[in-house]
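Structure, as structure tokens:
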Amino acid sequence: EASTKKIAKDLGISVGNLSYHFPTKEHLLTELTERLCEYHLKVMEAEIDEGLTSLLAYLMELTCMMAVCDESEVVKDLYTSMYRSPLALKIIRESDTRKVMSVFAEYCPGWERSREGVRS
């Protein structure tokens with residue numbers, strides 16, 4: 001529910017500058033979603049590099065997301081907004097598909113990715 005004016009003010013830029021780069025708040029949310037998904041993937045990969053199984057790293061990511069949302073209304077609102085936005089949700093689904101394929105591929109030989117998603 002943040003206004004474009006408030007977002008621009010908090011960022012220390014003009015509304016025009018913000019609107020030039022992000023025509024709508026949904027475009028801004030999409031950028032945040034892409035960056036958050038990339039961050040989640042890097043954290044998961046780092047946990048795997050530290051010796052965790054891919055399944056455990058994935059479960060830890062989900063647990064952390066739930067815990068942070070439980071502790072912070074701001075973060076909870078951000079995640080809720082991302083899951084309600086068609087553009088952001090598409091990014092989340094693509095990211096989750098990549099993660100699930102990497103986590104469960106060893107348990108499900110023959111999986112392949114199609115345009116519609118994952119099939120066996």
Side-chain angles (χ1 to χ4, degrees):
E1 294 184 23
S3 70
T4 305
K5 186 176 180 178
K6 169 122 173 65
I7 294 169
K9 181 181 177 192
D10 288 351
L11 292 172
I13 61 174
S14 69
V15 174
N17 194 9
L18 179 65
S19 297
Y20 176 79
H21 294 285
F22 303 101
T24 67
K25 288 192 295 185
E26 188 170 25
H27 287 92
L28 180 59
L29 182 63
T30 300
E31 179 68 24
L32 291 171
T33 303
E34 286 177 359
R35 289 180 184 221
L36 189 59
C37 286
E38 289 171 12
Y39 175 76
H40 282 215
L41 185 58
K42 285 179 185 177
V43 169
M44 193 174 126
E45 289 170 347
E47 290 171 340
I48 292 168
D49 289 345
E50 291 292 319
L52 293 182
T53 65
S54 56
L55 180 57
L56 185 54
Y58 184 62
L59 293 174
M60 287 182 65
E61 176 198 354
L62 295 175
T63 302
C64 289
M65 285 171 51
M66 291 186 299
V68 171
C69 286
D70 194 45
E71 291 294 317
S72 170
E73 282 300 315
V74 173
V75 174
K76 183 178 178 180
D77 287 345
L78 174 63
Y79 276 102
T80 301
S81 296
M82 288 189 299
Y83 278 88
R84 287 183 178 162
S85 161
L87 292 175
L89 186 56
K90 182 180 180 202
I91 294 165
I92 292 168
R93 285 182 174 148
E94 289 170 359
S95 176
D96 285 351
T97 298
R98 285 191 307 272
K99 282 189 272 188
V100 167
M101 290 291 292
S102 70
V103 169
F104 295 106
E106 68 180 283
Y107 305 107
C108 303
W111 266 14
E112 66 180 57
R113 187 172 177 175
S114 70
R115 256 188 194 175
E116 296 79 33
V118 177
R119 64 179 173 200
S120 59

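- Within the structure, salt bridge (charged side-chain N to carboxylate O under 4.0 Å, His left out) pairs that include any residue of residues 55-67 comprise Glu61-Lys99 (at least two apart or interchain).
- Residue pairs that meet the side chain to side chain donor-acceptor pair (under 3.5 Å) test with at least one member in residues 67-77, sequence neighbours left out, do not exist here.
- Ser85 pairs by the side chain to side chain contact (heavy atoms under 4.5 Å, CB included) definition with Glu26, Leu29, Leu87, Ala88, not counting sequence neighbours.
- Residue pairs meeting the side chain to side chain donor-acceptor pair (under 3.5 Å) criterion with at least one member in residues 8-18, sequence neighbours excluded, are Lys6-Asp10, Asn17-His21.
- Both Met65 and Val75 are assigned to one and the same hydrophobic cluster, defined by single-linkage of ILVMFWY side chains at heavy-atom distances under 4.5 Å.
- Hydrophobic cluster membership is shared by Val103 and Ile48, with clusters built from Ile, Leu, Val, Met, Phe, Trp and Tyr side chains linked at under 4.5 angstrom.
- Rounding to the nearest 0.5 Å places CG of Leu59 at 8.0 Å from OG1 of Thr53.
- One distance of note links CD1 of Ile7 with CD1 of Ile13; it measures 9.5 Å at 0.5 Å rounding.
- For the residue pair His27 and Thr24, a side-chain donor N or O sits within less than 3.5 Å of a side-chain acceptor on the partner.
- Cluster annotation: Leu89 is connected to Leu78 through the hydrophobic network of ILVMFWY side chains, with a link wherever side-chain heavy atoms come within less than 4.5 Å.
- Summarising the geometry, atom CE belonging to Met82 is positioned 8.0 Å from atom CG belonging to Leu32; distances are rounded to the nearest 0.5 Å.
- Here Glu38 does not pair with Lys42 in a salt bridge; the nearest charged N to carboxylate O distance is not below 4.0 Å.
- Applying the side chain to side chain contact (heavy atoms under 4.5 Å, CB included) rule to Val43 yields the partners Tyr39, Glu47; only residues at least two apart in sequence or on another chain are considered.
- Interatomic distance, CE of Met44 versus OG of Ser54, reported as 6.0 Å (0.5 Å rounding).
- Taking CG of Leu62 as the start and CE of Met60 as the end, the distance is 11.0 Å to the nearest 0.5 Å.
- The side-chain hydrogen bond (donor to acceptor under 3.5 Å, both in side chains) test applied to Tyr58 returns no partner, not counting sequence neighbours.
- The cluster map of Ile, Leu, Val, Met, Phe, Trp and Tyr, joined by side-chain heavy atoms under 4.5 Å apart, puts Met66 and Tyr83 in different clusters.
- Looking only at side-chain heavy atoms (C-beta outward), Thr4 and Phe22 stay at 4.5 Å or farther from each other.
- Between Ser95 atom OG and Ile92 atom CD1 the span is 8.5 Å, to the nearest 0.5 Å.
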